[in-house]
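Written below as structure tokens is the structure these notes are about.
Heads up: numbering here begins at 1 and tracks the sequence. Atoms within each ligand, like the ligands themselves, are counted from 1 in listed order.
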Amino acid sequence: MAALLPLLVLLGVPGSRAQYPLDDRGGLGRLFDGIGGVSGGGATSRLLVNYPEPYRAQILDYLFKPNFGASLHILKVEIGGDAQTTDGTEPSHMHYPDDQNYFRGYEWWLMKEAKKRNPNITLIGLPWAFPGWIGYGRNWPYDFPDVTAYYVVSWIMGAKQYHDLDIDYVGIWNERSFDVKYIKLLRYTLDKSGLDQVGIIASDNLWQPISHRMLWDSELLGAVDVIGAHYPGTRTVPDALLTGKKLWASEDYSTFNDEVGGGCWARILNQNYVNGNMTSTISWNLVASYYEELPFGREGLMTAKEPWSGNYVVSSPIWITAHTTQFTRPGWFYLRTVGHLEKGGSYVALTDGRGNLTVIIETMSHNSSICIRPPLPAFNVSAQNATFHLEGSFHGVKSLQVWHSQLDLNSTKPTLFRNLPPVKVNGGSFTVELGADEIYTLTTITTGQKGSYPDPPLSQPFPLKYQDDFNVRNPPFSEAPNFADQSGVFEYFTNTSDPGDHVFTLRQVLTQRPITWVSDAEQAISVIGDFKWSNVTITCDIYIETPDTGGVFIAARVNQGGSPARLARGVFFWVFADGTYEVTGDLLGKIVLSKGLSGVRARRWHTLTLHTDGLYACGLLNGNPLWKNVIMLGPLHGWAAIGTHSFQFAQFDNFVIEAKGNP
Ligand SMILES: *[C@@H]1O[C@H](CO)[C@@H](O)[C@H](O)[C@H]1NC(C)=O
Ligand SMILES: *[C@@H]1O[C@H](CO)[C@@H](O)[C@H](O)[C@H]1NC(C)=O
Ligand SMILES: *[C@@H]1O[C@H](CO)[C@@H](O)[C@H](O)[C@H]1NC(C)=O
Ligand SMILES: *[C@@H]1O[C@H](CO)[C@@H](O)[C@H](O)[C@H]1NC(C)=O
Ligand SMILES: *[C@@H]1O[C@H](CO)[C@@H](O)[C@H](O)[C@H]1NC(C)=O
Ligand SMILES: *[C@@H]1O[C@H](CO)[C@@H](O)[C@H](O)[C@H]1NC(C)=O
Ligand SMILES: *[C@@H]1O[C@H](CO)[C@@H](O)[C@H](O)[C@H]1NC(C)=O
Ligand SMILES: *[C@@H]1O[C@H](CO)[C@@H](O)[C@H](O)[C@H]1NC(C)=O
Ligand SMILES: *[C@@H]1O[C@H](CO)[C@@H](O)[C@H](O)[C@H]1NC(C)=O
């Protein structure tokens, strides 16, 4: 046990210890802008919103509450654009040109919850995709830059008007091309709308060509406040430095949130500044609240993907974040004396300019810090004694609070964010003995805290019996729990003139293909349930709204979400307004397993039932057998799903699943 305790030694004889000054006498380094997380790009917080209390509030506390957990400084959200943006679609505030609704989706709610906990949190909005009408039929948002600017500025104004949220920064188009004319027009439109305090981040892609363009265009240089690069691998480029602008890793991390993920995060939080002069690092994503089998499963700072059980996991990146966030604030400054340690690792130091000092040291070795995007080069770390000399304003500091983490890939119980006895600073110096894969924070700030709640409920699979009649609605949300839209947008709908049982339904609301971020399906599809489900019975009332060309489906064993959803296989039971039905092995409808007449018509409610058992499927219409003994050659398991044949209105009601548990 004693051997596990880290050794903090007072400086006696210098010996072979490496020496590192911490000094502000030559001036300070860059202004620190904070550490954050991205909700979106896309639908990464989808399952969070339907957690029961108190678990939902606990998760939010671990993310946002100051001096508790990750205590994030920044929340960046997707400006929903109705299209697939990695793990699903997020609804736009303007599905149609004459439409405005600032209560769709969950990003408004999330921003308010974050602000409730930390009124100082910096808010950023960024579009990944746009509704189709922005491009007047072209898959391009810059042909009518005034329309796009109006659309984005409307979102910022809606945030203020309906939610009293002040958006601090807005971006251009995530990881896609920028347009100089549009950026200037966006700046102009913001200013004209009294939003001159809203900064522009560009271009949420690579350092170039935006940096180069800014150097050669003074109006563009004036319009952009922050150069935001994604997955910069801790490096920047000379042109970006020459602009004199703030440099941010405006999206980074994207790594499975086990200990390796924690190690990656520790390394880039320090080294993005040390190597690349970046003053903010924002994690994709904030919280892994989407079905794990969707793309990039569990690549959030923590995991909360079981609203049905209440189970969540506070993963190592939460505590790695705390090492920086609990002891700094946006508005602090980095010292110029930051750098690499002699035998591997790095250190940064920050000050509030009023005598407070926070030093963060990391010694991540290669194996414990493999970031997925991009893989950082391997290097060796060995045990070392590092001696820091406090100079300038810090010379008089007498003792420092100490917080320690050790990630050990071979151990199931890493040390995470442990408060150690304060270290005495002797004659302005202190020494830390460092092993591999450790993080130390040494700070004058005394408010650090490792927040905790009792363990959440145990993990449970998605319930085998599940139903939703869409009558009981979670007030702030437009989407039904657990449905994860992969193409199209499925919203609660109320038809007050319905004479009977279908006043409250779920409706697919897109009537036009959005300006996509990836190659979305031409069909709309929302998945739900357990990816491991094989033998299920799905029943759902459906209402085709489009005569002649309308069509809807229910499906089982759907094996793909995210962008690959367009190629999803499974068993799809379609009915069409022309009175036919089809059973296909894919969403594209190319693998036809059965077809015939059904008598289904538009603007009438019908009940579809799909039953899968081993290799066989059968289908019922209004409780009567329509087709049977269809052999399924596709995947043996997958999600349940509902959807439409194209971007068209259609409604769903009384959705019921009965699944057989896995043997
Ligand atoms: C917000 O910032 C102000 C000014 O820096 C500070 O006084 C206040 O304590 C901060 N509030 C929180 C909750 O961090
Ligand atoms: C960038 O960082 C390096 C290393 O800390 C430093 O020497 C350099 O002055 C910085 N450059 C700018 C323009 O901030
Ligand atoms: C450090 O920060 C604390 C709290 O933020 C503040 O009260 C104190 O005056 C600051 N300065 C020093 C030298 O501790
Ligand atoms: C690092 O990973 C490599 C490849 O997985 C492995 O061979 C090596 O033993 C690991 N090293 C340590 C120190 O765990
Ligand atoms: C790490 O150490 C091993 C063994 O000493 C050596 O072969 C390798 O080249 C070193 N790698 C780096 C990046 O220094
Ligand atoms: C660090 O210093 C202590 C005390 O002088 C010594 O016992 C230890 O071996 C040193 N560790 C390394 C890695 O040099
Ligand atoms: C993990 O265990 C292996 C084999 O016992 C060992 O070689 C390696 O150094 C260990 N890695 C760490 C980080 O302790
Ligand atoms: C609402 O219900 C009325 C009465 O059944 C029906 O005529 C109308 O088409 C429904 N509207 C929609 C959008 O479903
Ligand atoms: C599904 O049903 C078939 C046939 O009844 C059975 O052989 C198979 O084990 C079931 N699969 C699962 C995952 O329960």
Can you name the atoms of ligand 8, numbered from 1 with element, that are less than 4.0 Å from a heavy atom of [X]?
X: Asp498; answer: 2 (O)
X: Arg507; answer: 13 (C)
X: Gln651; answer: 12 (C), 13 (C), 14 (O)
X: Phe493; answer: 13 (C)
X: Asn495; answer: 1 (C), 2 (O), 3 (C), 8 (C), 10 (C), 11 (N), 12 (C), 14 (O)
X: Glu545; answer: 13 (C)

Below 4.0 angstrom, counting only protein heavy atoms, does anything approach atom 5 (O) of ligand 8? yes

Taking 4.0 angstrom as the limit, do Lys245 and Asp225 come out as a salt bridge? no

Nearest heavy-atom pair of Thr505 and Gln651: which atoms, and what distance? OG1-OE1, 2.8 Å

Closest non-hydrogen atom pair, Ser646 against Gln508: O-NE2, 4.4 Å

Does the gap between the ring centers of Tyr62 and Tyr453 come in under 6.0 Å? yes

Would you say the rings of His163 and Tyr102 are close, in the sense that their centroids are separated by under 6.0 Å? no

With under 30° as parallel and over 60° as perpendicular, where do the rings of Trp403 and Phe417 fit, or are they tilted in between? parallel

Give the numbers and elements of all ligand 6 atoms closer than 4.0 Å to a heavy atom of [X].
X: Arg17; result: 2 (O), 4 (C), 5 (O)
X: Gln384; result: 13 (C)
X: Asn385; result: 1 (C), 2 (O), 3 (C), 8 (C), 10 (C), 11 (N), 12 (C), 14 (O)
X: Ala383; result: 13 (C)

What residue and heavy atom of the protein are closest to [atom], and at what distance?
atom: atom 9 (O) of ligand 8; value: Tyr543 OH, 3.3 Å
atom: atom 10 (C) of ligand 1; value: Asn120 ND2, 2.4 Å
atom: atom 7 (O) of ligand 1; value: Arg329 NH1, 4.4 Å
atom: atom 13 (C) of ligand 1; value: Pro119 CD, 3.7 Å

Neighbour count >12 (heavy atoms, 6.0 Å) for atom CZ, Arg56: yes

Donor on one side chain, acceptor on other, [X] and [Y], under 3.5 Å:
X: Asn495; Y: His502; result: no
X: Trp248; Y: Asp33; result: yes
X: Thr325; Y: His73; result: no

Work out whether the distance between some heavy atom of Phe649 and some atom of ligand 8 is less than 4.0 Å. no

